[in-house]
There are 4 protein chains.
Amino acid sequence: MQTRSPAGRAGRPRSAAADAAILAATREALVELGWSKLTLGDVATRAGVAKTTLYRRWAGKNELVVDAVAELFDELELPDRGSLAADIEGVVLQFAAILALPEAKSGLMAVVAEATRDEALRERIRASVVDRQKRLVLEGRARAQARGELPPEPDPRSAARTVDLIFDMVAGAVVHRTLVSAEPADEEWVRGFTRVLLQGLGT
Amino acid sequence: MQTRSPAGRAGRPRSAAADAAILAATREALVELGWSKLTLGDVATRAGVAKTTLYRRWAGKNELVVDAVAELFDELELPDRGSLAADIEGVVLQFAAILALPEAKSGLMAVVAEATRDEALRERIRASVVDRQKRLVLEGRARAQARGELPPEPDPRSAARTVDLIFDMVAGAVVHRTLVSAEPADEEWVRGFTRVLLQGLGT
Amino acid sequence: MQTRSPAGRAGRPRSAAADAAILAATREALVELGWSKLTLGDVATRAGVAKTTLYRRWAGKNELVVDAVAELFDELELPDRGSLAADIEGVVLQFAAILALPEAKSGLMAVVAEATRDEALRERIRASVVDRQKRLVLEGRARAQARGELPPEPDPRSAARTVDLIFDMVAGAVVHRTLVSAEPADEEWVRGFTRVLLQGLGT
Amino acid sequence: MQTRSPAGRAGRPRSAAADAAILAATREALVELGWSKLTLGDVATRAGVAKTTLYRRWAGKNELVVDAVAELFDELELPDRGSLAADIEGVVLQFAAILALPEAKSGLMAVVAEATRDEALRERIRASVVDRQKRLVLEGRARAQARGELPPEPDPRSAARTVDLIFDMVAGAVVHRTLVSAEPADEEWVRGFTRVLLQGLGT
DNA sequence: CACTAAGCGAGACGGTACGTCTAGTCTTGGC
DNA sequence: GCCAAGACTAGACGTACCGTCTCGCTTAGTG
C-alpha cells in the first residue's frame, strides 16, 4: 500500500501505526459525517496525527477513502452452502450487509462519482475493490462446475464476458436496491433476485 | 400600507427564464468541471444570474443537480420494436446513452452518494428520477401483455414487487457497467443482458 | 418636504405621515442597532413603508440619518438664567444630554466620519445641524452684551471668528468628553469647563 | 504522538512582516477609499496576504483601523520652544497636521462612532490612542512647572481632573474644527485657541 | 556513537468557495 | 400615478478547508 523504504534508505521510517489509525479514523468520520462533510483535518485530528503525515501517504480525500472502504470488502467470503443458489444467496447477503454500513454507503458511491472524471482513481477502485471481489464469482463458478451444476466453459473469452456481466448484475442490483430504491436487500429480495439470475443464466 | 396580498400574489414574480438558464448552466458546468469542482457561484455566473437568485430557488448543490440531471431522463421513451426483447434493448440503450453523458455520470452518482445521509434528498431523487422512469417498465409490461408475450398479472402486490426488482436490475446493471466497470453498455452487452433478464423472468 | 395630496383626486393619504414615520423608525433603529447595523430595509419595514418610498425621498443612509439626528438638536434652547456663565452652563448641559442619547451618539459621529470624504454630506450637516445651532452662541453673546457682561464687538470679521472658535471649543469638548473619554458631561464638569472658557475669553 | 509542546512553542510562527504590511495597506486603503468603502478583502490583497491571516490577528474592521490609525499618532512629540504657549502651539499644530491626513480623518471618527456601542472597542481606542498621547499634556505641565510658568499641583486628584479637561478641550476643539467645521486648524487659529486656553487656565 | 536524513505534531500561510446579507433597482398588481 | 411587496444584480461578509510551508523536535540506520 505504501512504499516500504525502497532499500536501506536513511532517515526515520514511517510509523506503521499511523496508517491503521488514519484508515480507522476515516471510517469513523464517514459514519459520523458522511463523505461531503468529512475533512482531512478532522481525520488527522481523530487519528492523533498531523495533516502533513496524512498528505505524505495519500494524495487526497478520494484515495484515502478508497483505501478505507476497500478494507471493508476484504472480509467477503464465498460460503459453502451445498448448492450454487444457496452459495450465491449467501454471498449476496454478505455484500448487502456491508453496503448497509454507513461508512461503505457514504464513501463508496462518492468515490465512484469522483472516478467518472479521474482515470487514476477509477483504476485504484478497480484494483482495490472490484477485481479483488471478482474472485468470488470465479470461485463460485468453479465450485458449481465441480458439483456438476454448471458445464465447463469451452471459450475463455466468452467466459470472461459472462463473469463481468454477472458481476455487474449482482453488484449493480444490490447497490441500486440499497442506495437508490433505499429498500433493504433482505433474504426475501435476495431469494427472488437469485432465482431470476440463475434462471437467466440457464441453469 | 396598501394591499395585503390576497394569497401570495404581491411583488415581482420570479423570472421563469432564470430557472431554465440555471439548470442549463448547471449541466454545462458538470460537463466541464464535474461534481466536485462545480461551484454555485460559477453556475450563477454562467447563467447570468446573481447567486441570491439561485439560492432563492434551490437549497444547495445537491437539489440543484438532481433537478438538472432529472431533465435528462425525461426524454427516455419506450420504442415499439415489435417484441418485448427488442423494446427492452431499445430502452436500455437509450438509458445507457444518457448515462454516458458526462453531465449525467458526474452528477447522478454524486447525488446518490449524498442521498445516503439525507432522507429528503433521497425522496427528491425518487420523485424526480426513479418514479418518473418506472413508467417505462409498466408500459413495457402492458404492451407485452397486449401482444400476448406475458400473461396478465393475477396478484397486484407481487406484480409491484416484480416491477421494482426489474427496475433495480436494469438500472443497477447499466449503472454499474458504465460507472464502476467503466465499460460501454453497447449493443452487444445490452443483447446479452436482455437475454439473461428475460430468460430469468421466465418468458 | 413632500407633496400634499390634491384634494379632488382619489387619495394619497400617506405622503406626509411617511416622512415622520421613516425618521422616527430611523432613530428607533439607531437606538437598537447602532449605525453600522442599521439597514434601510429594516427602517422601511419599521416605518411600514416600502424601500422604494424611502429611496424616493433620501439618497442613502447618510442623508437619512443626518435628517433623523438633526431633529434632535432643534429642541436646544438658550435658557435665561440671569448670567452669561449660567446661560452657557444651561445650554451645554442640554447639549450634553442630547449627545448622551444613543440615537445621537451612534448616528452623529458616523455621518461626520462619512462626511470627511463627501462634500455634499458635509454641507448638509453644516446646514442641518451646525449652523442651526450656532444661533445659540449669537443669542448668548447678544444677551450678555445687553446685560453689560460683554463689550460690543467692534470688528465684525473677528467677531465671526470668535463665534466659530467658541462653537468648536464647546461642541468639541463636549463631544470628546462624551464619546472619546466616555465620561459623563455632568454639572460639575460643565461648571469647570465653563469657568475655563469664560476666563479664557477675558470676561 | 511526538513531543508535547513545552508551552505554546510549536507550529509555524506568525510572520512579523505581515502585521506591518497589513497596517500599511489599511492606511493606504483608507486614503483611497475611506472607511465605508474599505473592505478587509481588499486590504488583504493590497498587503499580499490572505484574508484568513488578517482575521487571525484582528477581530474586524474596527480593531484593524484603530491599530492602523494609532500608529500615526505615535510620532507626536512635545517640542521645546521655550515657553508653555509656544510648546502647546507646536504640539497642537502637529496634531492638526495628522488629523488633516485623509487616513486619519476617515478612520478615526468612524471608529469613535462604532465605539459608542462597543465597550471593548472604546477601551482599545483609549489604550492605543488617547492614553498614549495624554503623556504630552503631562510632559508639558511638568516642563512648565520646571520653568516656573505653572505652580506645582497641590492636590493630585484635581490635577488629574485638569489633565482630562485640557485633553478633552484640546483634542475636541481641533477635531471639531477639522472634521465638523471642516476648516484648517492653521497657525492663526491655533494661536487664538491657545491664548484662550492658557488664559482660561489662569496662567 | 555521533551524524544525519526522513519523519513527526503543531499551526500559520495563500487560496477558494461557502451561504448570508445589504445596497440600490426594477417589476408586478391594487387602489 | 403612487404605493407595498418582493425579485433582481452586484458584491462584501466572516468561516471553513484545502494543500503547502515552516518550525523545533524525534528517531533509526550508517558511516
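Note that this is a predicted model, so its numbers are computed, not measured. Per chain, numbering begins at 1; letters A, B, ... match sequence-line order.
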Look at all strands and tell whether [X] reaches a base, only sugar-phosphate, or nothing, counting heavy atoms closer than 4.0 Å.
X     : value
C:T53 : sugar-phosphate
B:T52 : base
A:G60 : nothing

side-chain contact (heavy atoms from CB on, under 4.5 Å) between C:W35 and D:E114, worked out = CA-CA 8 Å; C:W35 161 268; D:E114 291 298 302; 3.8 Å; yes
request  = May I ask you to evaluate whether C:R56 reaches the phosphate of F:dC3, defined as a side-chain N or O under 4.0 Å from OP1 or OP2?
outcome  =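 Checking C:R56 against F:dC3: at least one side-chain N or O falls below 4.0 Å of OP1 or OP2.
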query = Among the nucleotides E:dC13, F:dC3, F:dA5, which one has an atom lying closest to any side-chain atom of C:A50?
reply =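 When the side chain of C:A50 is considered, F:dA5 is the closest of E:dC13, F:dC3, F:dA5.
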Verdict with supporting geometry, A:V111 and A:K61, side-chain contact (heavy atoms from CB on, under 4.5 Å) = CA-CA 9 Å; A:V111 293; A:K61 196 164 153 174; over 6 Å; no
Expressed in angstrom and rounded to an integer, what is the separation of [X] atom [atom1] from [N] atom [atom2]?
X     : N      : atom1 : atom2 : value
C:W58 : E:dG24 : CH2   : C1'   : 16 Å
B:E63 : E:dC18 : CD    : P     : 14 Å
B:R57 : F:dT9  : CZ    : C1'   : 13 Å
B:I22 : F:dA7  : CD1   : P     : 14 Å
D:K37 : E:dA23 : NZ    : P     : 14 Å
D:L54 : E:dC13 : CG    : P     : 11 Å
A:Y55 : F:dC17 : OH    : P     : 12 Å
C:N62 : E:dT22 : CG    : P     : 17 Å

inquiry  = I'd like to know if D:R12 reaches the base of F:dC21 with its side chain such that a donor and an acceptor end up less than 3.5 angstrom apart.
reply    =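 Checked by distance alone, the answer is yes.
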ask   = Per the atom types in the model, does the base of E:dG19 pair as donor or acceptor with the side chain of B:K51 at under 3.5 Å?
value =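 Side chain to base: pair present.
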query = When you measure from every atom of DNA chain F, which of residues 104-120 of chain B have a heavy atom less than 4.0 Å away?
reply =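 Nucleic-acid contacts, sorted: none.
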key: 5'-most by nearest nucleotide on DNA chain E - B:D42 or B:G11   =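 Counting from the 5' end, the first nearest nucleotide belongs to B:D42.
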Would you call [X]-[Y] a salt bridge at under 4.0 Å N-O?
X      : Y      : answer
A:R46  : A:D42  : yes
C:R124 : C:E119 : no
C:E32  : C:K37  : no

key: Steps toward side-chain contact (heavy atoms from CB on, under 4.5 Å) verdict (C:T26, C:W58)   = CA-CA 12 Å; C:T26 303; C:W58 285 277; over 6 Å; no
Nearest-nucleotide 5' precedence on DNA chain F, B:S15 against A:K61 =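 Looking at DNA chain F, the more 5' nearest nucleotide goes with B:S15.
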task = Check the pair B:V69, B:V129 against side-chain contact (heavy atoms from CB on, under 4.5 Å), reporting the backbone distance first and the verdict last.
result = CA-CA 8 Å; B:V69 170; B:V129 184; 5.7 Å; no
